[in-house]
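Okay, structure first, notes after.
Just so you know, these numbers use all the heavy atoms, side chains as well, and skip hydrogens, waters and symmetry mates.
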Amino acid sequence: IPMDAPLKTQDDWSEFQAARATDRVYLDHYSQYGSAQTRDNTWQPHHSLHRPPAPGQLTLSALIAAGAHLGHSTSLLNQNFMPYAYGTRAGITLIDLDHTVPMLRRAANLTRSVAAAGGTVVFIGTRPDIRGAVKKASERMGVQSYYVGDKWLPGTLTNRQHHFGQHTVETTKIIPDLLVILNPLANMPAIREAAIEHIPTIGIIDSNVDPRIVMYAIPANDESTRTAELVAGVLSIAGREGIEIRKEEQRRIEAAREQASREYNS
């Protein structure tokens with residue numbers, strides 16, 4: 001019976017049941033000799049957004065799969081980016097991922113420390129293809145994180161009284177403790193304002209960009225959606241780890257206070 005044929009009679013149904021039982025026998029017998037890979041334990045293209053690795057589990061393979069090593073044309077190479085260039089191929093600058101991995105982990109350590117200290121992190125990605133990445137990263141990190149997916153409004157930090165109102169500025173913390181910028185060239189106003197307000201910045205820096213425009217550069221392909229998703233995911237997980245560290249420290253302090261109170265009363 002063809003797989004898509006309707007089961008019209010009782011014999012058709014019996015034959016279908018028998019064929020399925022036979023397939024099950026073969027499957028159970030030969031499964032022990034086949035591969036153990038499934039969709040759940042095999043890398044998928046959407047994992048960089050929904051299931052990014054922790055900073056300690058980041059690998060060169062994940063970065064290569066995301067296309068992080070592909071820079072711009074050699075004619076656009078910024079001279080200050082040369083220490084992070086691996087070489088050229090077909091007129092394209094290749095980025096040395098042996099620099100990218102430790103620099104991304106350094107940025108993750110900073111994000112974790114900021115979150116553990118109770119600081120706020122803002123993820124900025126203003127291209128349509130990476131808006132989902134910054135939104136997902138902010139949601140993954142939690143209440144100490146925000147995101148900007150549309151155009152950065154000039155003066156958001158330096159002229160905050162105009163944007164938010166004097167009462168809001170006096171009662172609400174407006175200045176974040178860290179900016180993570182996935183497309184820095186399009187968000188130079190945000191970088192300038194962060195410099196004026198002494199806010200550390202993390203940014204994906206491509207081969208045509210001066211790495212000095214941000215405090216913590218991550219040399220990688222800034223035009224790759226998967227690279228942006230991977231970087232934002234790794235940093236958001238680090239931020240979430242920092243929040244858990246802060247909560248654990250608060251629980252430890254509270255337990256110590258209760259213990260001291262009981263000892264004092266006794």
Please answer whether the main-chain N or O of [Y] pairs with a side-chain N or O of [X] as donor and acceptor at a distance below 3.5 Å.
X    : Y    : result
S113 : N109 : yes
R160 : L157 : yes
T74  : I92  : no
S261 : R257 : no
S145 : G142 : no
T100 : P219 : yes
N80  : P211 : no
Q144 : V121 : no

Qualifying side-chain hydrogen bond (donor to acceptor under 3.5 Å, both in side chains) pairs, either residue in residues 227-242, two or more places apart: S48-E229, R112-E241, R140-S236, S224-T227
Cut-off 3.5 Å, side chains only: do [X] and [Y] have a donor facing an acceptor?
X    : Y    : answer
E254 : Q250 : no
H162 : N159 : no
H69  : N221 : no
S61  : T59  : no
N78  : D210 : no

Candidates F81, Y86, Y84 - the one meeting ring pair (Phe, Tyr, Trp, His ring centres under 6.0 Å) with H99: Y84
Salt bridge E248-R252, side-chain N to carboxylate O under 4.0 Å: no
Heavy-atom side-chain contact between L63 and V101 under 4.5 Å: yes
Heavy-atom check, side chain of W152 versus side chain of I124, under 4.5 Å: yes
Residues R106, Y216; criterion side-chain contact (heavy atoms from CB on, under 4.5 Å); working and verdict: CA-CA 8 Å; R106 180 184 65 168; Y216 298 89; 3.7 Å; yes
Linked, directly or transitively: I130 and M141 (ILVMFWY side chains, under 4.5 Å): yes
ILVMFWY cluster membership beyond V143 - transitive side-chain contacts under 4.5 angstrom: none
